[in-house]
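First the structure, in the form of structure tokens, and then the observations on it.
In what follows, every heavy atom counts, from backbone to side chain, and hydrogens, waters and symmetry copies are set aside. Whatever order the structure lists them in is the order used to number ligands and atoms, beginning at 1. All values reported here derive from a predicted model rather than from experimental measurement.
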Amino acid sequence: MTNRAIINADVTKGTINKNIYGHFAEHLGRCIYEGFWVGEDSEIPNTNGIRNDVVEALKNIKIPVLRWPGGCFADEYHWKDGIGPRENRKRMVNTHWGGVIENNHFGTHEFFMLCDMLETEPYVCGNVGSGTVQEMSEWVEYMTFNGESPMANLRQENGKEEPWALTYFGVGNENWGCGGNMRPQYYADLYNRFQTYVRNYGENKIYRIAGGPNVDDYKWTDVLMRESAQHMDGLSLHYYTIPGEFWTGKGAATNFPEDEWDVTMQKAYHIQELIEKHSTIMDKYDPEKRVGLIIDEWGTWFDVEEGTNPGFLYQQNTIRDALVAGVSLNIFNDHSDRVQMANIAQTINVLQSMILTDKEKMILTPTYHVFEMYKVHQDAAKVALDITSDTFKVGEKEMPQVTASASKANDGNLNITLCNVDRANVADLTIDLRGIDVNQITGRVLTANEMDAHNTFDNPDNVKPIDFTDFQINGNELSINLPSKSVVALSVK
Ligand code: AHR
């Protein structure tokens, strides 16, 4: 059978929020230290301590928003430890992640400097689990108050005269787990209290994000929306794609059996059901869809690479990860009426990274290339698309072979992203392109022969996008042969 789609290019369905293409950087393993931050005295080329190669690579994928400092780390982070002269900053133990020394050399000033370099919006996550209302309130004052106040004065003593602009602020992280093991009722009360003191100073208007559910904890969503919707702008959701079991064996990042490819794809698709069910609960309290669903942690999570610190969550990244990214982003685009932000975990050297580093060396992962291919969707108008895909069975469940997303950019181009999740078979797809005069179509493809094809420091370009021409246009009917295990981006002018 042939997969079929209809695209009505003249029917738009709102804007795809660019923040869906957001990222997450935690004080975990080698994400911040070694990944972003090497310090001013490093031999690795840097600007004020931040790696130049990493900044250059990330600017190319146009990171719209960056979440920091955690994750679980956020609920034991005390921001005052990370300001002032670096040599005087407190050293602490990062108890969640590897029990290593955290020297606090990367703190608030360094984070905002990084965001400036990346031209990205900061998203700061505050500490509810082990912090106080005063501590959170003072952090917001330190960052955003323009005038005479104890925290603004302290910021100025530390060399920053003007406040920073800060929109996104999270009130805790995973408060059902590492953020305090709370019941939703208890967290809702705490959320309401803490957020009261997350002030809007002057023109700075904070978008408050409440700690949301874990995976399919629908009760959490219901309680939070019932008790706190009027005090929040966003509710977070965390979901990781794990082929195996979290505690007993997640599965290997490379050299995995065929059935683990299929299960991984199936688990990636599961985010659609989660979005729809959580969103339905949110609709009950917020039919206008004012409150955004903020998927601020998502991505693959495999067993750590052998020989690395188990608390560092370092894993390789293959063409399978690329497909998980492509499928997930197509789903987020499709639900962009509710999904206002998503932050893949994590940017460098941790879980489903964009970049891996080894001292002065740096490689781009297959996932990086997907974000680069999909950046055309950022803030573009979503276009009506209906797809009927072939399905295949994984266990008892059917799953589509092909997923797609389409949007129209400001330049008038229609951009289509496609995934063929089938590890063995080409997918034939016919698209009926309506509402557009087709002059020219260009394409790129990311694919590989091996299921676990990846880039290494010795072979950094093993998996990278190349030109794609395996399509024919006949009038307005576009016939495409999608290779197995492929992500394809087409631009119709
Ligand atoms: O991304 C790694 C960890 O996963 C985060 O710290 C936590 O929020 C989640 O459980």
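Closest protein heavy atom to atom 1 (O) of ligand 1: Tyr240 OH, 2.7 Å. The nearest protein atom to atom 6 (O) of ligand 1, hydrogens excluded, is given as Glu26 OE1, 2.7 Å; this is a heavy-atom distance. Of all protein heavy atoms, the one lying nearest to atom 7 (C) of ligand 1 is Glu297 OE1, 3.2 Å.
Only the side chain of Asn173 comes within contact range of ligand 1, with a heavy atom under 4.0 Å; no backbone atom does. Neither the backbone nor the side chain of Trp298 comes within 4.0 Å of ligand 1, counting heavy atoms alone. Of all the heavy atoms of Phe246, none lies under 4.0 Å from any atom of ligand 1, so neither backbone nor side chain is involved. Under 4.0 Å from ligand 1, not a single heavy atom of His96 appears.
Every atom of ligand 1 is numbered from 1 in the order shown, and the set under 4.0 Å from a heavy atom of Phe24 is 1 (O). Set against the non-hydrogen atoms of Trp301, the atoms of ligand 1 under 4.0 Å away are 4 (O). Taking every heavy atom of Leu351 and a limit of under 4.0 angstrom, the matching atoms of ligand 1 come to 1 (O), 2 (C). Interface of Gly71 with ligand 1, defined as ligand atoms under 4.0 Å from a residue heavy atom, comprises 5 (C), 6 (O), 8 (O). The contact set between ligand 1 and Cys72, taken as ligand atoms under 4.0 Å from a residue heavy atom, comprises 5 (C), 6 (O), 7 (C), 8 (O). The distance from ligand 1 to the heavy atoms of Gln346 drops below 4.0 Å at these ligand atoms: 1 (O), 2 (C).
Between Glu258 and Arg423 there is a salt bridge, since a side-chain N of the basic residue sits under 4.0 Å from a carboxylate O of the acidic one.
Between Phe73 and Met92, the shortest heavy-atom contact is CE1-CE, 4.1 Å. Nearest heavy atom pair, residue Ile32 against residue Ala25, reads CD1-CB, 4.0 Å.
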Could you go through residues 226-236 and list every donor-acceptor pair under 3.5 Å that involves a side-chain atom there, pairing it with any protein atom two or more places apart or in another chain?
unit_1 : atom_1 : unit_2 : atom_2 : d
Ser228 : OG     : Asn192 : OD1    : 2.9
Asp233 : OD2    : Arg208 : N      : 2.7
Ser236 : OG     : Gly212 : N      : 3.0

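Relative orientation of the Phe112 and Trp164 rings is parallel, given thresholds of 30° and 60° on the angle between their planes.
A side chain to side chain contact (heavy atoms under 4.5 Å, CB included) with Gln352 is found for exactly one of Thr347, Thr365, Ile344, namely Ile344. Tested against Leu66 for a side chain to side chain contact (heavy atoms under 4.5 Å, CB included), the candidates Phe24, Tyr123, Phe111, Tyr168 yield a single pass: Phe111.
Checked against a 3.5 angstrom limit, the closest N/O atoms of Glu174 and ligand 1 fall inside it.
His105 NE2 to Glu87 CD: the interatomic distance, rounded to the nearest 0.5 Å, is 7.5 Å.
Annotation: cation-pi geometry not satisfied between Lys205 and Tyr207 (NZ/CZ under 6.0 angstrom from ring centroid, within 45° of ring axis).
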